[in-house]
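In what follows, a structure is listed as structure tokens, so that the remarks can point back to it.
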Amino acid sequence: MPKTLIILTGPTGIGKTKLGISLAKYFNTEIVSADSRQIFKELRIGTAVPSGKELNEVKHHFIHSHSIAENYNASKYEAEVLALLDELFKKYDKAIMVGGSMLYIDAICKGIDIMPDADPEIRESLKAKFKNEGIESLRLQLKKLDPDYYNTVDLKNHTRIIHALEICLMTGKPYSSFRTNSKKERPFHIIKIGLNCDRNMLHQRINQRVDKMVEAGLEKEAKNVYHLKHLNSLNTVGYREWFAFFDGEISRKKAIELIKRNSRRYARKQITWFTKDTDTMWFEPDQEKEIINTIEKQISVHEKPD
RNA sequence: GGUGCCAUAGCUCAGUUGGUAGAGCAACGGACUGAAAAUCCGUGUGUCCCUGGUUCGAUUCCAGGUGGCACCA
């Protein structure tokens, strides 16, 4: 039997969790989360992880599986998920992936080029260089170490330049020599379902969800990890705004407003990314029947002998 | 009912000595390969309340209307 990974994606707050559970039950399989923040066990309210009840209904993977102290990234996710899928596909013909982390989903579908993990010390020194000398000095260094990438990279984006430099410095080879941009083959079919709805409605859902998170104690949750605010994993909507409040930079009311605004912007960014992918089939969150029909139709095509 | 003030972008407002307009916030569009809920780039989106008048030309001046606010009855 051919194996199929059904990917359910879409902007934050659209209703992926609920529908994912319905699909997993219908197809009698398990869920692999594709959410770069729900993966962290210290974050619960602000990342809108599935409730305890929901987690009991269907087995979930990559929810609360790692710690914010780990240096996690899309490449590690790729390796760990592929290993998990190997196991799952021994038991099931289908698995459901649910989430909105764009790069993580891409890593599963297409793969990420192999290159070394960033050395934290080198990264810190490059960050210090950026802070002290500005972006121009990073650009000059990149021009010397990797002229090819210098010509294609967004020269205003210090994060990209720093990452390229750290690879150059660690390996002695240009960063661009690691970038093959080739698509890795996967031993399973992929069906991508996207959820979207009217933008005003989505904004309303997001705003209401943030209010609920605040009622549920998001401020306290942020307080509990405040001492670790320097971690990349906490550079996250719903937490960094509280940190700014705790630091006295903004009011509590402003923090909540910013969480809403930043969530809306994140949703827009997700929509931009996902709609670029022409393989994704789009539905409204309440079109469960249509989605199941579409998936079954696709699977039956795959199952036909060539 | 009377008097005064106001009506310009989604919101709060500026402005045009008459030549069809611009800030903040919000919003919108885009890029993306190991930090991705990150990082970066770009974009004013407008019946200047309505109807007349004056004028070559009115969002601007005048009159009336409508709506809002304040005060007086």
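Note on naming: letters A, B, ... go to the chains in the order of the sequence lines (proteins, then strands), and numbering restarts at 1 for each one.
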Think [X] has a side-chain N or O under 4.0 angstrom from the OP1 or OP2 of [N]?
| X | N | result |
| --- | --- | --- |
| A:Asn232 | B:A36 | yes |
| A:Asn235 | B:U39 | yes |
| A:Tyr77 | B:G34 | no |
| A:Tyr175 | B:G34 | yes |
| A:Arg199 | B:G29 | yes |
| A:His158 | B:A38 | no |
| A:Thr159 | B:C40 | no |
| A:Arg160 | B:G34 | no |
| A:Arg261 | B:C25 | no |

Atom pair distance, as rounded to whole Å: [atom1] in [X] and [atom2] in [N]:
| X | N | atom1 | atom2 | answer |
| --- | --- | --- | --- | --- |
| A:Leu258 | B:A26 | CG | C1' | 12 Å |
| A:Met115 | B:G34 | CE | P | 6 Å |
| A:Ile162 | B:G34 | CD1 | P | 13 Å |
| A:Asp106 | B:G34 | CG | C1' | 13 Å |
| A:His163 | B:U39 | NE2 | C1' | 13 Å |
| A:Ile135 | B:U39 | CD1 | P | 13 Å |
| A:Ile105 | B:A36 | CD1 | P | 14 Å |
| A:Tyr266 | B:C32 | OH | C1' | 14 Å |

Name the pairing partner of [N], where a pair is Watson-Crick or G-U wobble with both distances under 3.5 Å, or state none.
| N | value |
| --- | --- |
| B:A38 | none |
| B:G57 | none |
| B:A21 | none |
| B:A14 | none |
| B:U51 | B:A63 |
| B:A27 | B:U43 |
| B:C5 | B:G68 |

Are the side chain of A:His163 and the backbone of A:Arg123 linked by a donor-acceptor contact shorter than 3.5 Å?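 No: the side chain of A:His163 does not pair with the backbone of A:Arg123.
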Between A:Gln141 and A:Leu138 (side chain of the first, backbone of the second, donor and acceptor by atom type, cut-off under 3.5 Å), is there such a pair? no
Side-chain H-bond candidate by donor/acceptor type, A:Tyr239 with A:Glu42, under 3.5 Å: no
Have A:Glu87 and A:His61 got a donor and an acceptor in their side chains that come within less than 3.5 Å?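 Looking only at side-chain atoms, A:His61 and A:Glu87 do not form any donor-acceptor pair under 3.5 Å.
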Please classify the nucleic acid contact of [X] as base, sugar-phosphate, or nothing, using heavy-atom distances under 4.0 Å.
| X | value |
| --- | --- |
| A:Ser101 | sugar-phosphate |
| A:Thr47 | base |
| A:Asp35 | base |
| A:Met102 | sugar-phosphate |
| A:Ile167 | nothing |
| A:Tyr104 | sugar-phosphate |
| A:Phe178 | nothing |
| A:Arg265 | sugar-phosphate |
| A:Gly46 | base |

If we take the [atom1] atom in both [N] and [M], what is their distance in whole Å?
| N | M | atom1 | answer |
| --- | --- | --- | --- |
| B:G64 | B:C25 | C1' | 37 Å |
| B:C6 | B:C62 | P | 11 Å |
| B:C72 | B:G46 | P | 42 Å |
| B:A9 | B:G22 | C1' | 10 Å |
| B:C56 | B:U51 | P | 22 Å |
| B:G44 | B:A21 | P | 14 Å |
| B:G52 | B:U59 | C1' | 16 Å |
| B:G34 | B:C28 | C1' | 31 Å |

For A:Lys184 and A:Glu78, run salt bridge (Lys or Arg N to Asp or Glu O under 4.0 Å): C-alpha distance rounded to whole Å, both residues' side-chain angles, the deciding distance at 0.1 Å, then the answer. CA-CA 11 Å; A:Lys184 292 181 195 163; A:Glu78 177 191 6; 3.0 Å; yes
Can you work out whether A:Ser263 or A:Tyr149 has the more 5'-proximal nearest nucleotide on RNA chain B? A:Tyr149
Using a 6.0 Å cut-off, check whether atom [atom1] of [X] has over 12 heavy atoms from anything other than its own residue.
| X | atom1 | value |
| --- | --- | --- |
| A:Arg261 | CZ | yes |
| A:Lys76 | NZ | yes |
| A:Glu121 | CD | no |

May I ask you to verify whether the side chain of A:Lys269 and the base of B:U39 hold a donor-acceptor pair under 3.5 Å? yes
B:A31 base / A:Lys276 side chain donor-acceptor hit below 3.5 Å: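 No such pair is found, so the answer is no.
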Of A:Val58, A:Ile63, A:Leu8, which meets side chain to side chain contact (heavy atoms under 4.5 Å, CB included) against A:Ile31?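 Between A:Ile31 and the candidates, side chain to side chain contact (heavy atoms under 4.5 Å, CB included) is satisfied uniquely by A:Val58.
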Starting the side chain at C-beta, find the nucleotide from B:A38, B:G34, B:C40 nearest to A:Arg240.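 Among the listed nucleotides, the one closest to the side chain of A:Arg240 is B:A38.
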